[in-house]
Amino acid sequence: VLQRIHGSEERYRLLFDSAAVAILILDGASARILDANPRACEWSGHDLQDLVGRPFREWFVPGPSTAPGELVVGSVCDAAGVERPVEVQSSGATWGERQVQQLIVRDISERVTMERERRIAAEALAGIAEGVIIADAERRVISINAAHTEISGHSMRDLIGQRFDATRTMTDGKPLPASVWDDIANGRNWL
């Protein structure tokens, strides 16, 4: 029985120590750090001895709610003051006789960067003078910019979900030739 318990503890410690996320164990009453894995130490810029006993709120900005299962987004700050955007998920557990919170802290830097780039691109698209239609592979309109509305007179509500090619014809009323769609599919423009 002791060997099985020891083996189980070794497997847990291996997972704990090698996780790609930061894992912390907090005292349930004081929210002070009781244990942390190497990733948490790396992200904080402190060794384990420096982290143990510190309030989690010193490391996490802003302070999280540690209700079991709740996902909180914020950032962790390393010893040099550099912030890393993270999401924190907590769950309650019993550690011997003590109530604890286990926190899983995931780095969301890439997601935050992508969201910021998407927001910038959307703002740029909205502000350009050329009419732009964004359509899916079936040529159904997903979005248009304000310039397109001004140029064509079609509102976003009129076009969303409609096939793009149904709203466009040649000046004589004939359907657009297949070469237009070939050009667009190859990343070129249609004027």
Side-chain angles (χ1 to χ4, degrees), residues 1-127 134-138 140-143 145 156 160-161:
V1 171
L2 288 175
Q3 281 182 321
R4 283 192 306 228
I5 291 171
H6 183 64
S8 179
E9 287 176 350
E10 285 179 350
R11 285 191 298 275
Y12 171 78
R13 182 51 72 178
L14 178 64
L15 288 171
F16 184 78
D17 288 346
S18 63
V21 295
I23 303 173
L24 298 106
I25 307 297
L26 305 183
D27 179 74
S30 69
R32 291 185 177 276
I33 298 170
L34 300 173
D35 197 6
N37 72 345
R39 184 74 61 197
C41 295
E42 174 190 332
W43 290 356
S44 71
H46 295 285
D47 60 23
L48 183 59
Q49 293 78 16
D50 288 340
L51 279 179
V52 170
R54 288 183 177 212
F56 181 64
R57 292 180 189 269
E58 282 183 8
W59 186 50
F60 185 78
V61 181
S65 166
T66 53
E70 187 175 340
L71 190 64
V72 179
V73 176
S75 60
V76 292
C77 194
D78 69 14
V82 177
E83 290 188 13
R84 174 189 309 268
V86 296
E87 64 184 13
V88 179
Q89 187 165 14
S90 66
S91 58
T94 303
W95 217 21
E97 299 293 317
R98 178 184 263 176
Q99 291 299 312
V100 297
Q101 290 291 319
Q102 176 177 295
L103 304 182
I104 307 295
V105 183
R106 290 177 192 84
D107 184 337
I108 58 170
S109 299
E110 186 174 318
R111 184 171 77 195
V112 168
T113 299
M114 288 174 53
E115 288 172 2
R116 182 175 42 243
E117 288 173 359
R118 183 200 54 80
R119 208 170 35 252
I120 291 168
E123 289 171 8
L125 182 63
I134 299 175
D136 63 16
E138 285 80 42
R140 296 199 184 284
V141 176
I142 296 170
S143 182
N145 69 349
M156 174 94 69
I160 295 297

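Residues take their numbers from the sequence shown, with the count starting at 1.
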For residues [X] and [Y], report the shortest heavy-atom separation together with the two atoms involved.
X: Asp136; Y: Ile142; value: N-CD1, 3.6 Å
X: Leu24; Y: Ala36; value: CD2-CB, 4.1 Å
X: Trp43; Y: Val105; value: CZ3-O, 3.4 Å

Sequence neighbours excluded, which residues qualify as side-chain contact (heavy atoms from CB on, under 4.5 Å) partners of [X]?
X: Leu15; value: none
X: Gln49; value: Asp47
X: Met156; value: Ser143, Ile144, Ile160
X: Pro55; value: Arg32, Glu58

_Please enumerate all residues that pass side chain to side chain donor-acceptor pair (under 3.5 Å) together with Asp27, with sequence neighbours excluded._
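In terms of side chain to side chain donor-acceptor pair (under 3.5 Å), with neighbours along the sequence ignored, Asp27 is linked to Ser30, Arg98.
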
*Is it true that a side-chain atom of Asn37 and a backbone atom of Val21 form a donor plus acceptor pair closer than 3.5 Å?*
yes

_Sequence-distant partners of Asp35, salt bridge (Lys or Arg N to Asp or Glu O under 4.0 Å), two or more places apart_ =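 Salt bridge (Lys or Arg N to Asp or Glu O under 4.0 Å) list for Asp35, sorted by chain: Arg13.
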
*Within a strict 4.5 Å, meaning less than it, do heavy atoms of the Arg111 and Glu115 side chains meet?*
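A side-chain contact exists here, since the closest heavy-atom pair is under 4.5 Å.
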
*Determine the interplanar angle of the Trp59 and Phe56 rings, folded into 0 to 90°, and report it as parallel if under 30°, tilted if 30 to 60°, perpendicular if over 60°.*
perpendicular

